[in-house]
Amino acid sequence: MASELSNAAIAEALEELGDLYELDGAIVHRVVAYRTGARAVREAPVSVAGLAREGRAVELSGVGATLQEKILALLHTGTIPAAEKLRARIPPGLIELTRLPGLGPKRARLLHSELGIESLAALREAALAGRLRTVRGLGAKFEEGVLSSLERGVAERRAPRLLLPKALALGEALADGLIERGGAGTQVLVAGSARRLADSVKDLDLVAVTTKPTTLARSLAKLPEIESVPSAGRAGAKATTHSGVSVDLRIAKPAQLGNLLQHFTGSGKHNAALREAAVRRGLHVSEYGVLDDATGTTRTCASEADVYALLGLAYIEPELRESRGELGAAATGAIPELIETADLRGDLHCHTVASDGRDTIEQMALAARELGYEYLAITDHSASHGFGDDVSPDQLRRQIELVREADAQIDGIKLLAGSEVNILPDGSLDYEDELLAQLDWVIASVHTAFSMGERAMTERMIAAIEHPLVDAIGHPTGRKIDRRAPYALDVGAVIEAAARTGTMLEINANPDRRDLNDIHARAAARAGVSILIDSDAHGVERLSEIRWGVATARRAWLSADDVANTRSWEEFARMRKRTRASTDT
DNA sequence: GCCGTTTTCGGCCCGACTGTTTTCAGTCG
């Protein structure tokens with residue numbers, strides 16, 4: 001387990017090289033190749049540095065011999081020679097210029113060659129002096145646009161992203177409002193990354209069918225969530241909410257709903273790959289229909305399934321549309337039947353008033369039973385949680401009794417006495433084995449010392465995985481979506497250890513976490529790891545947040561069979577490491 | 001630079017919008 005460059009660091013270097021080539025005037029396909037390669041590296045479930053050293057990075061789709069060579073140079077010398085050469089020629093400030101809307105690589109090059117501009121400060125100065133409009137191809141409007149963007153600080157400000165629950169709630173509120181005002185037969189659907197159940201979204205896409213398109217587009221402005229509607233017409237409207245979220249409403253003819261919904265659900269990469277594959281069959285896909293070269297006619301589709309069928313593909317669920325192999329699978333009938341929330345029969349991670357939860361064992365049990373669960377593990381934090389809500393060994397012994405009593409009193413659901421045990425920095429746990437052995441279920445998590453190095457953190461995690469009384473690892477990477485990076489961890493090594501020891505890995509369904517993420521969960525399941533989906537609920541109303549974990553599981557291509565807690569209690573009980581250990585011998 | 005149920009070379013999605021232009025280039029999603 002050598003500690004070397006992370007996939008993220010390699011991907012960043014390839015991205016930068018792509019940016020530099022673009023500013024150098026390379027053909028767009030070459031630039032796209034670097035960006036595709038960077039994405040393949042970032043999403044690889046194993047260490048790409050390791051792969052490259054074995055000459056196997058070329059196995060990643062989008063990485064060829066040239067990129068592998070550049071990755072190796074980066075590993076050996078800390079830099080890529082081609083990037084060094086380009087950096088000597090292209091001022092670093094030019095990349096900054098392309099952050100302004102309407103200013104891409106071509107214009108950045110033009111401004112550099114014509115006016116010698118190499119920074120945002122120089123750009124501002126030239127715009128104030130009225131020199132931008134003197135460049136052939138640029139004019140007064142462009143100059144005004146640049147100044148206004150600079151005034152608003154567009155280049156520095158990162159657009160806020162909405163976590164999925166908020167995005168869907170907003171999308172559904174807008175859809176309901178439009179349906180109410182659109183009259184009979186109006187249909188409004190949430191599309192875009194929200195429909196694909198991504199971790200977070202940048203803006204909202206709505207697709208509608210109505211008999212009165214102009215009226216519907218104008219009625220968007222009347223919704224309480226909407227602040228402004230800069231444009232509205234028969235085809236749709238663009239708007240901004242009071243919270244600053246961009247909303248794009250597109251209106252389809254019923255016969256074209258499938259085409260438009262498919263297009264606006266994306267992802268962009270899925271659509272690009274879909275269209276490239278279609279072109280090889282003489283078909284041209286757009287949001288309006290599918291043009292057939294052979295007949296010269298355009299076919300429209302009322303449903304998305306029809307669009308995929310026209311291309312010879314099985315229907316692809318929105319969650320899979322990320323250009324991660326779904327087109328090949330749809331062509332060969334290999335799209336899995338994705339897990340649904342109703343498949344889950346138990347929740348193995350929740351908290352009560354014994355630690356930092358808000359409700360009692362009984363309240364959690366009744367709420368879980370109401371959701372249709374057959375079993376629930378009570379897993380309060382362990383002794384050293386450190387937020388004043390720790391459970392001492394004696395308190396845990398008492399808690400075990402309380403869970404047993406509740407289990408005896410409450411019918412229709414099996415209650416497990418468990419704990420979410422801290423993994424200490426050295427990989428040990430903070431209860432004695434004698435006490436852990438009295439529990440029905442142990443999930444181990446990292447809650448402290450996030451900033452240790454990758455090697456130490458990976459060893460820490462693997463030590464916990466190898467502990468015979470640890471059934472599962474909770475929120476394995478510690479990330480908080482858009483807020484906190486995962487801790488440095490060799491996830492490939494963690495997956496290997498989990499598969500080897502029969503330790504389950506959790507998809508924590510808290511919508512701030514969704515950890516494991518979709519890519520890691522897919523890799524873990526492929527490696528033979530049993531996946532768990534848990535709510536980590538700290539109150540009865542949060543148990544239903546399990547749906548966000550299911551969303552991640554679906555994006556990870558998981559079917560019910562890949563997820564341990566879709567099993568009955570009898571089957572699940574046998575899958576626990578402690579039971580396997582005693583029956584395997 | 002990558003890639004192949006037409007190819008190891010010659011392709012590499014599609015359309016809207018904008019601003020600058022007399023037919024289009026650049027940018028964006």
Side-chain angles (χ1 to χ4, degrees), chain A residues 14-15 17-18 20-41 57-71 80 82 97-111 132-146 149 154 159 191-193 201-205 230-231 233-238 246-248 250 256 259-260 262-291 293-294 298 307 311-312 323 327-328 331-332:
Chain A
L14 296 179
E15 292 270 12
L17 192 46
L20 288 167
Y21 273 127
E22 186 172 46
L23 287 166
D24 196 44
I27 62 159
V28 65
H29 305 297
R30 194 175 177 203
V31 175
V32 168
Y34 275 95
R35 292 184 180 152
T36 305
R39 179 181 186 241
V41 168
V58 291
E59 290 173 15
L60 299 170
S61 175
V63 176
T66 307
L67 259 65
Q68 173 163 281
E69 201 178 298
K70 289 185 166 151
I71 292 169
I80 302 174
L97 297 192
T98 64
R99 304 236 169 89
L100 291 176
L103 208 172
K106 298 269 171 58
R107 286 173 182 161
R109 257 165 73 81
L110 189 64
L111 291 168
L132 300 188
R133 66 182 75 189
T134 65
V135 178
R136 182 170 169 77
L138 307 179
K141 283 272 174 67
F142 175 79
E143 198 170 78
E144 280 169 32
V146 164
S149 296
V154 171
S193 48
V201 313
K202 186 162 65 69
D203 43 35
L204 270 177
D205 295 298
S231 75
R234 290 187 59 79
K238 287 188 196 302
S246 297
V247 178
D248 199 347
R250 291 283 297 251
Q256 285 177 318
N259 303 100
L260 195 64
Q262 195 284 323
H263 173 77
F264 271 90
T265 297
S267 65
K269 297 231 186 299
H270 170 84
N271 286 350
L274 181 83
R275 289 165 179 190
E276 268 183 47
V279 166
R280 283 183 230 122
R281 307 172 59 127
L283 301 169
H284 302 271
V285 180
S286 79
E287 59 262 56
Y288 304 108
V290 179
L291 168 65
D293 282 340
T298 297
V307 177
L311 304 174
S323 195
L327 293 174
T332 59

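Just so we're clear, the structure is a prediction, and the values are computed from it rather than from any experiment.
Considering only residues two or more places apart in sequence or on other chains, A:V154 meets the side-chain contact (heavy atoms from CB on, under 4.5 Å) condition with A:P101, A:S149, A:R152. The side-chain contact (heavy atoms from CB on, under 4.5 Å) check on A:D293 picks up A:H284, with sequence neighbours excluded. With sequence neighbours excluded, the residues forming a side-chain contact (heavy atoms from CB on, under 4.5 Å) with A:D248 are A:D205, A:K238, A:R250, A:F264, listed by chain and number. Residues passing the side-chain contact (heavy atoms from CB on, under 4.5 Å) test with A:R39, sequence neighbours excluded: A:E43, A:K269, A:E322, A:S323, A:R324.
Between A:H270 atom NE2 and B:dC13 atom P the separation is 15 Å, expressed in whole Å. The interatomic distance linking A:D248 (CG) with B:dG15 (C1') rounds to 13 Å, in whole Å. Atom CG of A:L311 is separated from atom C1' of B:dC13 by 12 Å (rounded to the nearest Å). Rounded to whole Å, the distance from CZ on A:R35 to C1' on B:dC28 is 13 Å. Counting to the nearest Å, the C1' atom of B:dT27 and the CG atom of A:L111 are 14 Å from each other. Between the P atom of B:dT27 and the CZ atom of A:R99 lies a distance of 16 Å, rounded to the nearest Å. The CZ atom of A:R133 sits 17 Å away from the C1' atom of B:dT18 (whole-angstrom rounding). The distance from atom CG of A:N259 to atom P of B:dA16 is 14 Å, rounded to the nearest whole Å.
For the pair A:H284 and B:dC14, the criterion of a side-chain N or O lying under 4.0 Å from OP1 or OP2 is met. A sub-4.0 Å separation between OP1 or OP2 of B:dC13 and a side-chain N or O of A:Y288 is absent.
Remark: the backbone N or O of A:V58 is paired with a side-chain donor or acceptor of A:Q68 at under 3.5 angstrom. Between the A:R281 side chain and the A:L311 main chain, a donor and an acceptor come within less than 3.5 Å of each other.
In this structure B:dT8 sits in no base pair that meets the Watson-Crick or G-U test at under 3.5 Å.
Comparing the C1' positions of B:dG11 and B:dT6 gives an interatomic distance of 13 Å, to the nearest angstrom. Rounded to a whole angstrom, the distance from the C1' atom of B:dT18 to that of B:dT23 is 15 Å. Atom name P, nucleotides B:dT21 and B:dG26: the rounded distance is 13 Å, in whole Å. Comparing the P positions of B:dC3 and B:dT8 gives a spacing of 16 Å, expressed to the nearest Å. A distance of about 26 Å separates the P atoms of B:dC9 and B:dC14, rounded to the whole Å. The C1' atoms of B:dC13 and B:dT20 are separated by 26 Å, rounded to the nearest whole Å.
No option in A:R35, A:K106, A:R109, A:R30 other than A:R35 meets the salt bridge (charged side-chain N to carboxylate O under 4.0 Å, His left out) test with A:E22.
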Next on the checklist: With side chain to side chain contact (heavy atoms under 4.5 Å, CB included) as the criterion, how do A:I71 and A:V41 come out once you've worked through the C-alpha distance, each side chain's angles and the decisive distance to 0.1 Å?
Outcome noted: CA-CA 10 Å; A:I71 292 169; A:V41 168; 4.3 Å; yes

Practice item. Let me see the working for A:E144 and A:R133 under side chain to side chain contact (heavy atoms under 4.5 Å, CB included), right down to the final yes or no. Key: CA-CA 10 Å; A:E144 280 169 32; A:R133 66 182 75 189; 5.6 Å; no

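Contact annotation for A:L291: no contact, since no heavy-atom pair falls under 4.0 Å across all strands.
Within 6.0 Å of CD in A:E69 there are 12 or fewer heavy atoms belonging to other residues, nucleotides or ligands.
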Letter by letter from the 5' end, nucleotides 1-12 of chain B scores (B base, S sugar-phosphate only, - none; protein heavy atoms under 4.0 Å) BSS--B-----B

Readout for nucleotides 19-26 of chain B: B = base within 4.0 Å of protein heavy atom, S = sugar-phosphate only, - = neither; 5' to 3' it is SSS----S

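Projected onto DNA chain B by closest heavy-atom contact, A:P101 and A:L283 fall at different nucleotides, the more 5' of which corresponds to A:L283.
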